[in-house]
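Data block below; observations after.
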Amino acid sequence: KNIEIFFSNELDKNLYINATKIATEFKTSKGNPKDVSEWLNSKGTKEYIAEFQKYPVTENFGNGDLVVVIQGGNPQEQGTWIHKKLIIAF
């Protein structure tokens with residue numbers, strides 16, 4: 001199955017992926033789409049993000065956000081976007 005992946009570097013010149021769009025392609029054990037907010041609120045994800053916040057950032061995060069939520073506007077840009085540092089963990 002082909003999965004369309006949405007990337008953007010327009011948010012702050014760093015690479016982000018639209019986790020909301022990707023999550024619809026991955027099913028949980030119950031057959032439901034993966035829940036981005038559940039993943040973001042999990043203990044493991046919070047700890048992972050906290051590790052990035054402990055140390056000086058060697059690359060420019062622009063506005064400093066590892067997670068950007070866009071509501072309204074262009075439908076292609078809506079959703080929860082995660083920084084490239086979180087993509088593999090997601």
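Since we're looking at a predicted model, the values are computed, not measured.
- The structure places CD1 of Ile82 at 5.5 Å from CZ of Phe90, a figure rounded to the nearest 0.5 Å.
- Across every non-hydrogen atom of Leu66 and Tyr16, the tightest pair is O-CE2, 4.1 Å.
- Lys46 and Leu40 make their closest contact through CG-O, 3.7 Å (heavy atoms, listed as atom of the first residue, atom of the second, distance).
- Between Lys21 and Gln76 there is a side-chain heavy-atom pair separated by less than 4.5 Å.
- Here the shortest heavy-atom pairing between Ala23 and Val36 reads CB-CG2, 3.7 Å.
- Although no hydrogens or angles enter the test, the distance criterion places a donor-acceptor pair under 3.5 Å between the side chain of Gln78 and the main chain of Gly73.
- In terms of modelled atom types and a separation under 3.5 Å, the side chain of Thr20 and the main chain of Thr80 share a donor-acceptor contact.
- Tyr48 is listed as a side-chain neighbour of Leu86, based on a closest heavy-atom distance under 4.5 Å.
- Glu77 contributes atom CD, which lies 10.0 Å from atom CG of Asn18 (distance to the nearest 0.5 angstrom).
- At a threshold of 4.5 Å between non-hydrogen side-chain atoms, the residues Asn41 and Thr45 do not count as touching.
- Scanning for salt bridge (Lys or Arg N to Asp or Glu O under 4.0 Å) contacts around Lys43 gives Glu47, with sequence neighbours left out.
- Ser42 contributes a side-chain N or O that, together with a main-chain N or O of Trp39, makes up a donor-acceptor pair within less than 3.5 Å.
- Lys30 pairs by the side chain to side chain contact (heavy atoms under 4.5 Å, CB included) definition with Thr28, Asn32, not counting sequence neighbours.
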Could you go through Trp81 and Val67, starting from their C-alpha distance and side-chain angles, then the distance that decides it, and tell me whether this counts as side-chain contact (heavy atoms from CB on, under 4.5 Å)? CA-CA 6 Å; Trp81 293 80; Val67 179; over 6 Å; no
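- Distance check: Lys34 NZ to Ile22 CD1 gives 10.5 Å after rounding to the nearest 0.5 Å.
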